[in-house]
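Below is one structure; the comments refer to it alone.
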Amino acid sequence: MKKTYLISVFLLPYFLIAQKNLVSNGGFEFELNDWRGDASTSLYDKKFGNASCIINQYIGAEWKGIDQTINIPKNTVALEFSAWIKSDAIEKGKNPWNTGKFDIEFLTSSSQNISNESIAAILGTTPWKKYSKIVQVPSGSSKFRIMLALGQTNGTIFFDDVKVTALKKEDYEKVIDEETK
């Protein structure tokens, strides 16, 4: 019994480091600290904790959102992105990107765009739902930018519990093996 306890005490930090959320203030508990852009927090409609992020726009169909740029840890081959998202009356626009958005932009060290990836595109009215996706890190990327937005459309979108975890080669290979089974 004591041996099992000691082993778990020593292994616990390893698992905590392996699953560290790279997003600062992804639960919006500290209002919009660490985020740039145009949004607010909601204390009334949230999935977890005390607050969520709310982006709403009723007329104009402009791009409106927030973002955060994060360095990719060394030896990372893939990133797992996830967030809880809820929407209300998001209108369909004439372009495919006119949605509620959870997008990623991979960048070089000098902030040049390498590639973009959509994690979620939301239309209409939806309840809270968790969206997640594992994305392989493109060659030359040293950081990425998370974008939470209304992409030139009107409506309301909520975000909560935004997370990004780094996957090393062996972890990513395990995920790929499980998916192929």
Side-chain angles (χ1 to χ4, degrees), residues 12-57 63-88 90 97 99-109 111 113-123 125-138 141-151 153 155-168 171-172 175:
L12 184 61
Y14 171 76
F15 290 113
L16 291 176
I17 291 169
Q19 296 299 316
K20 182 182 182 296
N21 186 7
L22 300 176
V23 178
S24 297
N25 192 25
F28 304 99
E29 301 302 312
F30 304 103
E31 297 186 3
L32 294 174
N33 290 349
D34 301 311
W35 293 93
R36 299 179 304 172
D38 190 9
S40 56
T41 54
S42 171
L43 302 176
Y44 305 105
D45 203 341
K46 57 199 182 275
K47 182 65 180 174
F48 298 106
N50 297 322
S52 68
C53 171
I54 180 173
I55 302 169
N56 55 24
Q57 180 165 244
W63 181 274
K64 188 173 183 183
I66 58 174
D67 66 74
Q68 186 175 134
T69 301
I70 301 166
N71 290 324
I72 299 172
K74 289 183 180 185
N75 302 318
T76 299
V77 298
L79 295 165
E80 181 174 11
F81 298 92
S82 67
W84 284 87
I85 304 173
K86 178 181 176 180
S87 66
D88 185 35
I90 297 178
W97 62 85
T99 64
K101 306 183 76 49
F102 175 13
D103 285 356
I104 305 305
E105 177 183 28
F106 286 98
L107 305 164
T108 65
S109 59
S111 297
N113 178 294
I114 292 177
S115 68
N116 294 325
E117 187 77 33
S118 176
I119 307 303
I122 316 298
L123 288 171
T125 300
T126 62
W128 283 107
K129 179 181 174 185
K130 185 176 183 178
Y131 292 84
S132 64
K133 187 174 187 179
I134 295 175
V135 179
Q136 196 167 6
V137 175
S141 300
S142 65
K143 52 189 170 181
F144 63 92
R145 182 167 68 123
I146 295 177
M147 296 172 279
L148 310 176
L150 286 171
T153 189
T156 301
I157 191 163
F158 296 87
F159 296 92
D160 205 354
D161 199 34
V162 180
K163 290 183 180 176
V164 179
T165 54
L167 299 175
K168 306 273 186 233
D171 298 328
Y172 182 61
V175 169

Problem - Set of residues satisfying side-chain contact (heavy atoms from CB on, under 4.5 Å) with respect to Asn50, sequence neighbours excluded - result: Glu29
Exercise for the section: For Asn21 and Val23, work out which heavy atoms get closest and say how close. Expected result: OD1-N, 3.1 Å
Practice task
Using the side-chain contact (heavy atoms from CB on, under 4.5 Å) rule, take Val162 and Phe28 through it: C-alpha gap first, then chi angles, then the decisive distance, then the call.
Solution key: CA-CA 9 Å; Val162 180; Phe28 304 99; 4.0 Å; yes
Problem - Closest non-hydrogen atom pair, Ser111 against Lys143 - result: OG-NZ, 3.0 Å
Determine all donor-acceptor pairs shorter than 3.5 Å in which one atom belongs to a side chain in residues 71-84; sequence neighbours excluded.
{"from": "Thr76", "atom 1": "OG1", "to": "Pro73", "atom 2": "O", "distance (Å)": "2.8"}

Practice task
Would you check, one step at a time, whether the test side-chain contact (heavy atoms from CB on, under 4.5 Å) holds for Thr156 with Ile54?
Solution key: CA-CA 7 Å; Thr156 301; Ile54 180 173; 3.8 Å; yes
Exercise for the section: Determine whether Phe102 and Ile104 make a side-chain contact, defined as any pair of heavy atoms from C-beta on separated by less than 4.5 Å. Expected result: yes
Exercise for the section: Answer yes or no: does atom NZ of Lys133 have more than 12 heavy-atom neighbours from other residues, nucleotides or ligands under 6.0 Å? Expected result: yes
Handout entry: Nearest-0.5 Å distance, CG of residue Asn33 to OG of residue Ser24
Key = 10.0 Å
Problem - Cationic N near anionic O, under 4.0 Å, Asp45 to Lys86 - result: yes
Practice task
Please tell me if the side chains of Trp35 and Ile146 come closer than 4.5 Å, counting only heavy atoms from C-beta onward.
Solution key: yes
Handout entry: Over 12 foreign heavy atoms within 6.0 Å of NZ, Lys163
Key = no
Fill in the blank from the handout: Smallest heavy-atom separation, Cys53 atom then Ile66 atom, equals SG-CD1, 3.6 Å
Handout entry: Salt bridge present between Arg145 and Asp67 (N-O < 4.0 angstrom)
Key = yes
Practice task
Would you confirm whether Asn25, through its side chain, and Asp34, through its main-chain N or O, come within 3.5 Å as a donor-acceptor pair?
Solution key: no
Practice task
Tell me, with the steps shown, if Asn56 and Lys64 meet side-chain contact (heavy atoms from CB on, under 4.5 Å).
Solution key: CA-CA 8 Å; Asn56 55 24; Lys64 188 173 183 183; 4.3 Å; yes
Problem - Phe144 side, atom CZ; Ile114 side, atom CD1 - distance, nearest 0.5 Å - result: 13.0 Å
Problem - Phe30, CZ atom: more than 12 neighbouring heavy atoms under 6.0 Å - result: no
Problem - Thr126 OG1 to Phe158 CZ distance, which is reported to the nearest 0.5 Å - result: 10.5 Å
Handout entry: Atom pair CH2/CG of Trp97 and Asp103 - distance to nearest 0.5 Å
Key = 12.0 Å
Problem - Side chains of Val135 and Ile119 in contact at under 4.5 Å (non-hydrogen atoms) - result: yes
Handout entry: Closest heavy-atom pair and its distance - Ile157, Lys101
Key = CD1-N, 4.2 Å
Problem - Nearest heavy-atom neighbours spanning Phe159 and Ser52 - result: O-CB, 3.4 Å
Handout entry: side-chain contact (heavy atoms from CB on, under 4.5 Å) evaluation trace for Ile90 with Leu123
Key = CA-CA 5 Å; Ile90 297 178; Leu123 288 171; 4.2 Å; yes
Exercise for the section: Examine distances only and state if a side-chain atom of Ser142 and a backbone atom of Ser109 form a donor-acceptor pair shorter than 3.5 Å. Expected result: yes
Fill in the blank from the handout: Sorted by chain and residue number, the side-chain contact (heavy atoms from CB on, under 4.5 Å) partners of Glu31 (sequence neighbours excluded) come out as Thr41
Practice task
Considering non-hydrogen atoms only, spot the tightest contact between Glu105 and Asn113 and give its length.
Solution key: OE2-ND2, 2.7 Å
